[in-house]
Amino acid sequence: MVPTTDKYNPHELEPRWQKYWQEIGLLKATEGIAVGDAAVQAAHSAGADSPTLPRLEGQNGTKKAYILVMFPYPSGDLHMGHLKNYTMGDALARFRVQQGYSVLHPFGWDAFGLPAENAALKFGVSPAEWTFGNIAQSKESLGLMGIQYDWSREVMTAMPDYYRWNQWIFLKMYEKGLAYRKKSYVNWDPVEQSVLANEQVIDGRGWRSGALVEKRELEQWYLKITDYAERLLQDLDSLPRWPEKVKAMQRAWIGKSTGAEFDFAVKDSDKKIRVFSTRPDTIFGATFMVLAPEHPLVAELVTPAKKAEVEAYIAATRLKSEVDRQMEDREKTGIWTGAYAINPANHKEIPVWIADYVLYGYGTGAIMAVPGQDERDWEFAEKFGLEIVRTVQPPAEFSGKAYTEDGPAINSGFLNGLMMEEAKRKIIGWMEEKGIGEGKVNYRLRDWLISRQRYWGTPVPMIHCQNCGIVPVPYEQLPVELPTLRDVDDIRPKGKSPLAAHPEFFETTCPKCGGQARRDTDTLDTFMDSSWYYLRYADAHNQNLPFDPHKANFWMPVDQYIGGIEHAILHLLYSRFFTKFLSDLGMLEAQEPFEGLFTQGMVQGWTDVGEVEISGETIRFKTGERRSKLDLPETLTVSDARRSGAELRSAEDGSTHFWKAATMSKSLGNGVMVGPFVREQGADIARVTILFAAPPENEMIWTDEGVQGSWRFLNRVFRRVSEDRADLEKASGTLDAGALESANKALYAKLHATLEKVGSDIENLRFNTAVAALMEFLNTLYDYRKEHPVSPVYRTATRYYIQMLAPFAPHMAEELWHWFHSESVFQAQWPDVDKAALVADSFELVVQVSGKVRGKATVPADAGEDEIKRIARGIENVKVWLEGKQIVKEIYVPGKLLNIVVKG
RNA sequence: GCCGGGGUGGCGGAAUGGUAGACGCUACGGACUUAAAAUCCGUUGACCCUAAAGGUCGUGGGGGUUCGAGUCCCCUCCCCGGCACCA
């Protein structure tokens, strides 16, 4: 017998039930078999009191639910901000368990990466030790919150039995021609001392270090994600349960544009300049050309007279960082090469310029400039006095410069009079006929630069042999293990991989010729680790493959993925790419990894930004550290502060401090830490606070008042059940839903309405309204008990109530459930909604006169329209408003409302 | 500039075209207490008028569709997020 108590005491009951869930393996996932079925059946055959039949069709008929939260970088002690998405995932997973689904709710660690290296450098511990320490701490916090995972499937990317499959996948990609090496200008992060992929450079800065990236010409490994560009774009349309925002960002990143690629001959030369344009129809208006300064043709085209100037410009461009190039406020610069090209459409000679507004990395690195139809070209032409010819007729009222919309072609020879689309078709046909070009689709997406010059990652499984060139490590030799480096100086970034200083690692023999060879000393981008971890959960201990396709096919796709918006492109795009690749390999049926995606809002905490001085309307900060972290100016006005939601509070020493809600973070030190909070207040209180305070996609502010509210609510639940306990334990007849009267009938109806709402709200992750419905129904239970004894309906209501509470406050629900039942509340089937109960036998009729509410009456549900009208006209106030008026028409909405439209 | 999402009480926020403001927080009043806390009960969009009732206005602003609009359509302002010389 499980011990029970009669006073709500989270500290006592929470650890007890956490232990119990571990013992019964509540979230142990099993392919194709409903979790807990055996236990449920045993409980039932033992005659346990349960409102519904157990789910017996588990073996083959059970639906699966794969609930996944983005696995974290192991960062040690967790605060409430970390816990929000885990709490959401846990509530959803528990709900699916209650519904009898086969649930996979796993957890793991994105354990490779720079923070561990940085910590190693700072504290002199090995990255592995630091990581393991953090994992232990984080796990403890998760446990304290009662968040349950199938820990038997825990994944840790820094373990050889995980990253060997990174290497395996990399080799498969190499076999398929999707992993390749090339020399190119790459993004170099001077702080991380490593290269970065395009996606990892935000506004010209490293996504993690924030350092301005430099361009370096290096030979690196790439993954050919561009081969999948079209599918990555198209399949976004197959994801209705993704936020529009994320899909829009991915579409923009892929950046598909349709146009043509074609050649311009160079005057007095056999060279050709190839350009890409989305508006080939405007070719007659091409009055000059522009090449990117890096374009290789520049050196060949430049005339001797212009050589010095052009070279100076190229040199100046090279000195500018990406950010500089953008910060110049778009003032166009450029220089004429002295050369001319021939416009193939009208055979005019047009000058060839170079300018840094043309990017070498996109299209062909050269453009035909059509100032009449392109704002940038117009600006350039205006500045340098180049010819402007309109080739699309703007509407009469048009007063701008370049006209970029549709219209009939003019000054365009055989295209004249055609609208844009038609003109495009015709000119592309003409180009193809003449052999100077063809229709072309271009993508902004670049291949994924995957090698990194850092230690704490997966070694690239490649061998460089003087005789044979690049040779892949044979599959049977995997994993290529990362050597344990103990000396901090061995780890320190030096501009090339730390592994390059370790002959014991890189010295090897060539698998092909057996001669002396050298291992690749770079490591793989850690985003590779997270691109397929969700598949490893399906089969976490497979020694022969990354995962068994059968198991992956059972669980995939992930039904609900929950995580932060910061991965809208990075992780989510890479994962979609990997899923498609593995699917092409025949490893997986799913074309998309995540069927439902939810991006949760941040958790904010009230933060003391620092002491301020106030003179009149002006607030001046006396301290600066937190202020600058929050991007606040040194002085601001009182009204601006108020408008931003900030508060001025007096400190104990009499000074005034500036307080503001800010995202909880380690660096601000404003996080409500899980351990201390749960020990003082309780896990269920924290869970309810997180889930109720705001819609989950919004940011929420963690406040003491919110915590108070959760405490009050849970106490009221506990008190209600506890006060009725003795009566509820007594047998009190059976519930006959069809024979209920008045208050009992109303309670039953409200119960089922709540049941339906809570169920659909959880499915749609609207936890805040689900909790609100539970609060509302609790008020109903209190109201009922003021006037009525514990009855069969009330017993059922209480029982369902505990079940409905369970996803949110699982510890309390389990406690209360065990007062009356011997199995877990999560093993009792979620009740079915009695649809008949939702049909009331009377309703409150709203009577409007000309659209304004003038009266209400309770009427029988089966009242006919004529009777409704009669009742409505009998209402005193309605009579007053109808007095002396002529009824024009009456609109009756059955079960709801009657609108009497009058005139006069 | 372009794209995506928003604008509802003092606050967080509810509302399949059908009673706007559910639920909670705050505040105020009351009960309990020697007192405080906790708890419980009540009030809490603005305004008018009440003995009871009732009425007017109200979802950023302006127009429209409709018997009826927070919700649909057009215009406009503002806020948040993303992208931004991508030819």
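Not measured: the values here are computed from a predicted model. Each chain gets a letter, A, B and so on, in the order the sequences are listed, and its residues count up from 1.
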Span that lies between the [atom1] atom of [M] and that of [N], in whole angstrom:
| N | M | atom1 | value |
| --- | --- | --- | --- |
| rG55(B) | rU50(B) | C1' | 11 Å |
| rA69(B) | rG63(B) | P | 14 Å |
| rU71(B) | rU59(B) | P | 9 Å |
| rC40(B) | rG21(B) | P | 25 Å |

How long is the gap from [atom1] on [X] to [atom2] on [Y], to the nearest 0.5 Å?
| X | Y | atom1 | atom2 | value |
| --- | --- | --- | --- | --- |
| Ile202(A) | Glu566(A) | CD1 | CD | 10.5 Å |
| Glu382(A) | Ile388(A) | CD | CD1 | 6.0 Å |
| Leu233(A) | Ile254(A) | CG | CD1 | 5.0 Å |
| Glu199(A) | Ile225(A) | CD | CD1 | 6.0 Å |

Quick check for you: among [options], whose closest atom lies nearest to any side-chain atom of [X]?
| X | options | answer |
| --- | --- | --- |
| Met775(A) | rU56(B), rA87(B), rG24(B) | rG24(B) |
| Pro695(A) | rC25(B), rA14(B), rU19(B) | rA14(B) |
| Val358(A) | rU56(B), rA87(B), rU19(B) | rA87(B) |
| Leu897(A) | rG18(B), rA14(B), rC40(B) | rG18(B) |
| Glu705(A) | rC85(B), rU26(B), rG4(B) | rU26(B) |
| Ala694(A) | rU26(B), rG18(B), rG12(B) | rG12(B) |
| Asp356(A) | rU19(B), rC85(B), rC23(B) | rC85(B) |
| Trp881(A) | rA87(B), rU56(B), rC85(B) | rU56(B) |

Compare side-chain N and O positions of [X] against OP1 and OP2 of [N] and report whether any pair is under 4.0 Å apart.
| X | N | value |
| --- | --- | --- |
| Asn715(A) | rU39(B) | no |
| Arg712(A) | rC25(B) | yes |
| Arg251(A) | rC83(B) | no |
| Asn698(A) | rG13(B) | yes |
| Arg716(A) | rU39(B) | no |
| Lys856(A) | rU19(B) | no |
| Tyr357(A) | rA87(B) | no |
| Asn779(A) | rA22(B) | no |
| Arg444(A) | rC83(B) | no |

Quiz item: Sub-3.5 Å donor-acceptor pair from the side chain of Ser184(A) to the main-chain atoms of Val186(A), do we have one?
Solution: no
Quiz item: Checking only heavy atoms, does the side chain of Lys332(A) share a donor-acceptor pair with the base of rC85(B) at less than 3.5 Å?
Solution: yes
Quiz item: Looking at the angle O4'-C1'-N9-C4 for a purine or O4'-C1'-N1-C2 for a pyrimidine, is rG81(B) syn or anti, with syn meaning within 90° of 0?
Solution: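 Anti, since the glycosidic angle lies more than 90° from 0.
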Categorize [X] for me: base, sugar-phosphate, or nothing, with a 4.0 angstrom heavy-atom threshold over every strand shown.
| X | result |
| --- | --- |
| Val901(A) | sugar-phosphate |
| Phe692(A) | base |
| Val853(A) | sugar-phosphate |
| Glu375(A) | nothing |
| Gln848(A) | base |
| Ser257(A) | sugar-phosphate |
| Ala252(A) | nothing |
| Arg446(A) | nothing |
| Lys896(A) | base |
| Asn768(A) | sugar-phosphate |
| Gly363(A) | nothing |

Provide the Watson-Crick or G-U wobble partner of [N], both distances under 3.5 Å; none if there is no partner.
| N | result |
| --- | --- |
| rA35(B) | none |
| rG81(B) | rC3(B) |
| rG24(B) | rC11(B) |

Quiz item: Under 6.0 Å from the six-membered ring centre of Phe380(A) and within 45° of its axis: does the NZ or CZ of Lys332(A) meet both?
Solution: no
Please state how far atom [atom1] in [X] lies from atom [atom2] in [N], giving the value in whole angstrom units.
| X | N | atom1 | atom2 | value |
| --- | --- | --- | --- | --- |
| Arg854(A) | rG55(B) | CZ | C1' | 8 Å |
| Ile565(A) | rG5(B) | CD1 | C1' | 11 Å |
| Glu699(A) | rG81(B) | CD | P | 9 Å |
| Gln708(A) | rA27(B) | CD | P | 11 Å |

Quiz item: Distance only, no hydrogens: is a donor on one side chain within 3.5 Å (strictly under) of an acceptor on the other, for Tyr360(A) and Thr317(A)?
Solution: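 There is no such pair (donor and acceptor under 3.5 Å, judged by atom type) between the side chains of Tyr360(A) and Thr317(A).
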Quiz item: Just by distance, with hydrogens left out, do Thr333(A) and Tyr313(A) show a side-chain donor and acceptor under 3.5 Å apart?
Solution: yes
Practice problem: Count the heavy atoms of every other residue, nucleotide or ligand shown that sit under 6.0 Å from NZ of Lys245(A), and state whether that count exceeds 12. | Solution: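 No, because the 6.0 Å sphere around NZ of Lys245(A) holds 12 heavy atoms or fewer from other groups.
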